[in-house]
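Below is one structure, written out as structure tokens; the observations come after it.
In what follows, every chain begins at residue 1, and chains take the letters A, B, ... in the order their sequences are listed.
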Amino acid sequence: MSTAAGPEIPDFPVARAPGCPFDPPPVWQALRNNAPVSKVRLWDGSTPWLVTRYADQRALLADPRVSVDSGRPGYPHLSPHGGGSNLGFLRMDDPEHSRLRRLVTAPFAVKRIEAMRPMVQKIVDDLVDGLLTGPKPVDLVEAFALPVPTLVISELLGVPYSDHQFFQENSTAVIRRTATMEERTAAGRNLGEYLGELVGRKLAEPRDDVLSELAARIKAGDLTHREATQIGVLLLIAGHETTANMIALGTVALMEHPNQLELLRRTDDPHVVATAVEELLRYLHITHNGMQRVAVDDIDIAGLTVHAGEGLLMLNEVGNRDPEAFPEAPDTLDITRDARHHIAFGFGVHQCLGQSLARMELQVVYSTLHRRIPTLRRAVGLDRIPFKHDAFIYGVHELPVTW
Amino acid sequence: MKVTIEQDRCIGTGQCVLAASSVFDQRDEDGIVVLLDDNPPADQADGVRRAAMVCPALAIRLAE
Ligand code: HEM
Ligand code: SF4
């Protein structure tokens with residue numbers, strides 16, 4: 001592994017530029033043009049490769065010589081406190097990854113997610129009713145952005161929503177970059193115990209939900225109780241925090257782009273809404289720290305060789321601004337653009353399992369919220385909105401709104 | 001246009017179904033791709049090409 005420690009190697013990660021809360025840090029955008037695969041320095045002094053071009057990211061993410069196993073030497077850890085240890089098959093390579101993922105893919109198939117749309121519409125409508133009859137200004141994160149996906153994933157998994165405070169707090173601790181090792185371990189253990197017990201109850205009394213499907217897999221001998229629990233924890237964590245951040249961040253972005261918001265508000269064409277959601281996913285990027293990998297073999301890419309045992313960071317937020325892939329003004333939000341080939345959900349065999357669910361939720365949310373509350377606006381200046389520069393998942397901590 | 005799929009590679013994202021629902025579907029039991037039409041008509045060509053391009057598992061092959 002290279003030990004070159006010259007001062008010219010930039011630190012990773014860095015915060016977005018002040019006043020540009022929707023744009024990747026300019027330093028990485030510049031690298032994409034000048035040195036698309038180049039070394040960066042992490043908190044521990046290690047120097048993995050930062051990959052910034054769309055085509056290189058896709059190629060590497062789909063390459064079997066690239067591993068997601070955070071236990072391998074050279075894997076780029078983004079914080080001193082581990083992280084990822086509760087992420088189940090997200091941190092496993094094939095064939096183990098594929099065996100586990102296939103056991104839980106059916107409920108996320110397009111048709112089954114579409115069948116949930118009326119349920120999601122009802123959840124969103126009820127929450128908007130609540131907003132309209134409640135006090136203002138109100139924090140949209142607390143009152144809307146978090147409850148929508150939390151209610152939906154609870155319903156899908158079969159987790160009692162009444163426990164949401166508990167699992168929200170613990171999920172947040174698992175993915176907070178600044179959480180201590182103790183906090184993260186405790187939160188992971190709490191979630192594991194909670195879901196382990198819940199899976200036990202579904203074994204005894206199956207219902208029509210995903211945890212019961214996992215329980216049936218245990219009975220069939222396809223999964224151990226521990227594996228089923230781990231999958232439950234992964235789905236719960238991945239299923240609400242991500243979408244919640246997209247809802248809130250997307251709302252801030254649309255408010256800053258009133259013409260785009262107007263297009264969205266005026267349409268009742270589901271195709272227009274779906275196209276807008278893809279563009280918001282491309283443009284915003286809540287996964288602002290990219291995806292971590294380690295090479296298990298030597299790989300030639302962008303004119304150089306990444307050696308076995310060297311870390312790789314795929315910064316998909318910069319890949320999604322690559323003019324080679326999005327030729328027309330890639331740094332502009334344009335909700336009429338065809339952005340479906342974005343890699344906001346990743347690429348390769350780990351591409352987001354929940355993407356159809358996330359898409360559907362975002363379509364319902366963006367098309368409903370602004371239509372039903374056409375005068376929705378920020379209650380404070382953009383500079384007073386706390387953006388989540390310190391979290392693995394980007395978004396806003398709070399979004400005071402009024403109408 | 002001739003379409004082939006590799007079910008062993010598929011990870012069930014359903015992106016192909018979104019791109020061309022008359023050509024691709026997903027199995028009920030595990031969400032893995034099924035091919036409804038291995039020789040789709042010309043008016044499906046754009047959707048099928050799109051599906052092959054966005055498939056994250058490189059499980060869709062085309063021969064034009
Ligand atoms: C807008 C919302 C979302 C975004 C931007 C997002 C993004 C991502 C990304 C980038 C990955 C790949 C990580 C990697 O390759 O290292 C991923 C994986 C994953 N996501 Fe999502 N996600 C979202 C919503 C969801 C939802 C709603 C669920 C589930 C209910 C979910 C479940 C998962 C799972 C289980 C994986 C791991 C897949 C695997 O390793 O095979 N995600 N997501
Ligand atoms: S897009 Fe590819 S991985 Fe996704 S369901 Fe279709 S064939 Fe499978």
Open item on the list: Do Gln26(B) and Arg112(A) have side chains that approach each other closer than 4.5 Å (heavy atoms only, starting at C-beta)?
Closed with: no
Open item on the list: Quick check: do Met53(B) and Arg340(A) have side-chain heavy atoms less than 4.5 Å from each other?
Closed with: no
- [ ] Determine the option with the most heavy-atom pairs under 4.5 angstrom with chain B, choosing from Arg58(A), Arg102(A), His342(A).
- [x] Arg102(A)
Task: Atom CZ of Arg207(A) with >12 non-hydrogen neighbours under 6.0 angstrom - done: no
TODO: Could you tell me whether the side chain of Val54(B) reaches within less than 4.5 Å of the side chain of Phe347(A), counting heavy atoms only?
DONE: no
TODO: Kindly indicate, with the supporting measurements, whether the criterion side-chain contact (heavy atoms from CB on, under 4.5 Å) is fulfilled by Asp338(A) and Arg50(B).
DONE: CA-CA 11 Å; Asp338(A) 183 354; Arg50(B) 163 66 57 168; 3.0 Å; yes
Open item on the list: Rounded at 0.5 Å granularity, tell me how far CD in Glu29(B) sits from OG1 in Thr105(A).
Closed with: 11.5 Å
- [ ] Examine whether an atom of Gln351(A) lies under 4.5 Å from a heavy atom of chain B, and if so say whether it belongs to the side chain, the backbone or both; otherwise answer neither.
- [x] both
TODO: Give, for atom OG1 of Thr13(B) and atom CZ of Phe345(A), the distance between the pair rounded to the nearest 0.5 Å.
DONE: 10.5 Å
Task: Residue Arg101(A) versus chain B: region with a heavy atom under 4.5 Å - done: side chain
TODO: Could you pull out the closest heavy-atom pair between Ala62(A) and Leu58(B), with the gap in Å?
DONE: CB-CD1, 4.0 Å
Open item on the list: Quick check on Ser98(A) against chain B: is it the side chain, the backbone, both or neither that has a heavy atom closer than 4.5 Å?
Closed with: neither
Task: Other residues, nucleotides, ligands: >12 heavy atoms within 6.0 Å of Glu155(A) CD - done: no
- [ ] Report, as yes or no, whether the 6.0 Å neighbourhood of atom CD on Glu114(A) holds more than 12 heavy atoms from other residues, nucleotides or ligands.
- [x] yes
TODO: With the side chain counted from C-beta on, respond yes when Val349(A) and Ile11(B) share a heavy-atom pair under 4.5 Å apart, and no when they do not.
DONE: yes
Open item on the list: Looking at Asp28(B), I want to see if its CG is surrounded by more than 12 non-hydrogen atoms of other residues, nucleotides or ligands under 6.0 Å.
Closed with: no
- [ ] Just do the salt bridge (charged side-chain N to carboxylate O under 4.0 Å, His left out) check on Arg9(B) and Asp94(A) with the steps written out, would you?
- [x] CA-CA 11 Å; Arg9(B) 301 183 74 114; Asp94(A) 282 351; over 6 Å; no
Open item on the list: What I'd like to find out is whether the side chain of Arg359(A) reaches to under 4.5 Å of the side chain of Leu18(B), using heavy atoms alone.
Closed with: yes
Open item on the list: Within the supplied structure, the quantity of interest is the number of heavy atoms (other residues, nucleotides, ligands) at a distance under 6.0 Å from Asp208(A) CG; does it exceed 12?
Closed with: no
